[in-house]
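A short worksheet on the structure shown next.
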Amino acid sequence: MFVRVAVPVPSLDLLTYRVPDDQPEPVAGARVVVPLGPRVVTGVVVDVTAAPHGALADAIKPIRRTLDAEPFVPPDVVALARW
């Protein structure tokens, strides 16, 4: 499973991360801790998506941790951000 995550960097679009098998499945609006270059940041899951195929899937970095079991950001705010 993969998620698209909004990170607190103005010039970046949504980033795709892999959800490790030992992590709970995050929901849209949940906060997750993700690697971003040499740092680790907290982002918000915007979309849960199917797995890409082939070598691309292996190159996608995993999330480090899911912080929320329920959406931290309300669904209508996530929808507005996607718009």
Show me, pair by pair, the donor-acceptor contacts under 3.5 angstrom made by side chains of residues 21-29, not counting sequence neighbours?
{"residue": "Gln23", "atom": "OE1", "partner": "Thr66", "partner atom": "N", "Å": "3.4"}
{"residue": "Gln23", "atom": "NE2", "partner": "Arg64", "partner atom": "O", "Å": "3.2"}

>> Which heavy atom of Val3 sits nearest to which heavy atom of Val48, and what is that distance?
In response: CG1-CG2, 4.1 Å

>> Could you list the cluster mates of Leu67? Members are the ILVMFWY residues connected by side-chain heavy atoms closer than 4.5 Å, either directly or through other members.
In response: Val33, Val40

>> Taking side chain to side chain donor-acceptor pair (under 3.5 Å) as the cut-off, I'd like each qualifying pair that reaches into residues 26-44, sequence neighbours left out, listed once.
In response: Arg31-Asp68

>> Let me confirm one number: the CD1-CD1 distance from Ile60 to Ile63, rounded to the nearest 0.5 Å.
In response: 13.0 Å

> Of all residues at least two apart in sequence or in a different chain, which pass the side chain to side chain contact (heavy atoms under 4.5 Å, CB included) check with Val7?
Replying inline: Val5, Val9, Leu12, Leu15, Val34, Leu36, Val41

> In the hydrophobic clustering (ILVMFWY, side-chain contacts below 4.5 Å, transitive), which residues join Val46, or is it alone?
Replying inline: Leu14, Val44, Phe72, Val73, Val77, Val78

